Amino acid sequence: TQPVGTIASGALTVEFKEPLDPDPDTAGLTPAENPQATDNNVPTPHCLPERPIIGIAKRLDSVAESETVQGLFEAEFSLLIENLGNVDLVNVQVTDDLSATFPDGVFAGLIGVPVVQAPLAGNGSLYTGDPSGTIELLNASASTLPVGEQALISFRVLLDPVAAQNYGPFDNTAFAYGESPEGTPTQDQSDDSGELEPDPNDNDDPTEPGENDPTPIELPIDPELGLAKRVIDGPTPILGMPGVYDVTYEMIVQNTGNV
């Protein structure tokens with residue numbers, strides 16, 4: 001019989017609450033009556049604690065004037081979702097309310113449908129970026145993320161600052177959700193990251209201060225004014241006024257900028 005104590009195996013320490021006995025059915029008997037320790041080979045159950053952890057990072061890839069609609073802008077975003085925990089994640093969801101980011105009608109809609117990397121499953125055209133439709137990017141029931149895995153989401157939006165007379169700057173935040181197979185929930189707020197790193201300091205806690213910064217969007221505003229001038233009549237001498245002439249000019253002022 002071993003005394004109560006601990007036994008170390010790598011980084012895991014097992015604490016025994018009861019004495020160890022490799023041949024428990026000899027209790028009260030002499031060893032000669034039941035000398036076989038091998039008839040007590042029962043597996044020892046063990047269960048490591050669940051630590052479901054989801055992380056999300058977001059990046060503005062580009063923003064530029066629309067080549068098809070004058071006065072509008074197009075912006076492209078990428079999101080990276082990562083499983084930082086010790087169990088697979090199920091019911092994974094990502095939400096992004098673009099109408100809250102771009103208020104007053106600045107958000108003019110999506111360009112195409114989001115591109116979603118497996119094993120996540122996108123909502124396709126159901127995602128509108130507006131609560132009047134849905135702000136959910138994924139089909140959660142079909143979206144999983146194994147331990148240590150990452151998945152990318154990208155989408156493009158159309159912005160109309162002219163109609164709203166709101167040119168920003170704007171801040172955008174997305175949210176990621178998931179749960180363990182046993183139903184333990186986890187969530188994270190996106191961190192602005194050029195390298196798309198949900199947990200920049202690699203300590204498996206993406207919720208720390210400095211790791212949930214919104215993604216800033218600044219439109220490439222270029223105010224510009226043009227002026228042209230020409231003579232359309234004259235010079236015509238004025239009778240009785242030697243050396244004095246009448247000249248008519250025409251001037252055109254044009255907004256040559258993008259605002």
Side-chain angles (χ1 to χ4, degrees), residues 50-64 74-102 107 110-130 134-159 169-181 184-218:
E50 286 188 338
R51 280 197 321 120
I53 303 172
I54 196 170
I56 180 172
K58 185 167 188 177
R59 176 180 68 202
L60 173 65
D61 293 317
S62 65
V63 59
E74 297 180 9
E76 184 170 0
F77 297 93
S78 291
L79 301 97
L80 183 137
I81 297 83
E82 183 175 6
N83 183 345
L84 299 165
N86 64 357
V87 291
D88 293 345
L89 294 175
V90 298
N91 293 326
V92 178
Q93 184 59 269
V94 175
T95 62
D96 199 339
D97 186 350
L98 298 172
S99 64
T101 297
F102 305 104
F107 174 55
L110 291 168
I111 302 172
V113 298
V115 177
V116 179
Q117 184 180 31
L120 302 181
N123 256 341
S125 60
L126 294 178
Y127 174 69
T128 62
D130 189 315
T134 179
I135 61 173
E136 296 179 343
L137 279 152
L138 303 180
N139 177 352
S141 63
S143 295
T144 61
L145 200 58
V147 174
E149 292 296 309
Q150 302 175 338
L152 286 168
I153 301 173
S154 62
F155 57 85
R156 297 166 63 209
V157 302
L158 192 64
L159 305 175
F170 309 96
D171 285 328
N172 175 253
T173 297
F175 296 87
Y177 307 87
E179 59 185 51
S180 72
T184 303
T186 176
Q187 70 178 67
D188 185 36
Q189 176 178 322
S190 66
D191 186 40
D192 179 52
S193 172
E195 302 299 323
L196 287 178
E197 295 180 352
D199 183 30
N201 62 4
D202 293 325
N203 69 344
D204 294 335
D205 182 4
T207 65
E208 296 174 315
E211 294 183 344
N212 294 292
D213 299 321
T215 298
I217 303 101
E218 293 191 15

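On a predicted model such as this, the values are computed, not experimentally measured, just so you know. Position 1 is the first residue of the sequence; numbering continues from there.
- In this structure, the side chains of D192 and P216 come closer than 4.5 Å at one or more pairs of heavy atoms.
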Would T184 and E50 satisfy side chain to side chain donor-acceptor pair (under 3.5 Å), going step by step from the backbone distance to the final call?
CA-CA 8 Å; T184 303; E50 286 188 338; 3.0 Å; yes
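- Taking OG of S193 as the reference point, atom CD of E211 lies at 10.0 Å (rounded to 0.5 Å).
- Residues V147 and N86 are not in side-chain contact: their nearest non-hydrogen atoms beyond the backbone lie 4.5 Å or more apart.
- Between G129 and D97, the shortest heavy-atom contact is O-OD1, 3.5 Å.
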Verify side-chain contact (heavy atoms from CB on, under 4.5 Å) between V94 and I56, making sure each step is shown before the conclusion.
CA-CA 9 Å; V94 175; I56 180 172; 4.0 Å; yes
Stepwise side chain to side chain donor-acceptor pair (under 3.5 Å) check, N83 with D88
CA-CA 8 Å; N83 183 345; D88 293 345; 4.9 Å; no
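- With hydrogens and angles ignored, the 3.5 Å screen pairs no side-chain donor or acceptor of Y127 with any backbone N or O of G122.
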Start with the C-alpha gap between F102 and I217, add the side-chain angles, then the distance that decides, and say whether side-chain contact (heavy atoms from CB on, under 4.5 Å) holds.
CA-CA 10 Å; F102 305 104; I217 303 101; 4.1 Å; yes
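- Using modelled atom types, one finds a donor on one side chain and an acceptor on the other under 3.5 Å when comparing S141 with N139.
- Pairing each heavy atom of L138 with each of S143, the nearest pair is CB-OG, 3.9 Å.
- In plain terms, the two heavy atoms of D188 and G55 that are nearest each other are OD2-CA, 3.4 Å.
- Between the side chain of D191 and the backbone N or O of D213 there is at least one donor-acceptor pair closer than 3.5 Å.
- In this structure the side chain of L158 never reaches within 4.5 angstrom of the side chain of F107, judged on heavy atoms.
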side-chain contact (heavy atoms from CB on, under 4.5 Å) evaluation trace for K58 with F77
CA-CA 7 Å; K58 185 167 188 177; F77 297 93; 3.6 Å; yes
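- There is no side-chain donor-acceptor pair under 3.5 Å between T215 and N172.
- Taking CG of L84 as the reference point, atom CG of N203 lies at 9.0 Å (rounded to 0.5 Å).
- Under the 4.5 Å side-chain criterion, counting only non-hydrogen atoms from C-beta, L145 is in contact with P119.
- Summarising the geometry of Q117 relative to Q150, their closest heavy-atom pair is OE1-O, 4.2 Å, with the distance given to 0.1 Å.
- Remark: side-chain polar atoms of S99 are not paired, donor with acceptor, to backbone N or O of D130 under 3.5 angstrom.
- For the pair V113 and L110, the minimum side-chain heavy-atom distance is 4.5 Å or more.
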Verdict with reasoning, N201 to E208, per side-chain contact (heavy atoms from CB on, under 4.5 Å)
CA-CA 10 Å; N201 62 4; E208 296 174 315; 2.9 Å; yes
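- Exactly one residue among I81, L152, L79 makes a side-chain contact (heavy atoms from CB on, under 4.5 Å) with L196. That residue is L152.
- With hydrogens and angles left out, the side-chain atoms of E179 and N91 include a donor and acceptor closer than 3.5 Å.
- Side-chain contact between L98 and F155 is present, with at least one heavy-atom pair separated by less than 4.5 Å.
- Counting all heavy atoms, side chain and backbone alike, P206 lies closest to P198 at CB-O, 3.4 Å.
- Residue R51 holds its CZ atom at 12.5 Å from OG of S180, rounded to the nearest 0.5 Å.
- At most 12 non-hydrogen atoms from other residues, nucleotides or ligands lie less than 6.0 angstrom from CD of E218.
- Residues E149 and E82 have side chains not in contact (no heavy-atom distance under 4.5 Å, counting atoms from C-beta outward).
- Here the CG atom belonging to L137 is positioned 7.5 Å from the CG atom belonging to N123, to the nearest 0.5 angstrom.
- Here L89 contributes atom CG and Y177 contributes atom OH; the two are 14.5 Å apart, rounded to the nearest 0.5 Å.
- Residue T207 holds its OG1 atom at 6.5 Å from CG of N212, rounded to the nearest 0.5 Å.
- Within the 4.5 Å cutoff, no side-chain heavy atoms of P185 are placed close to those of P52.
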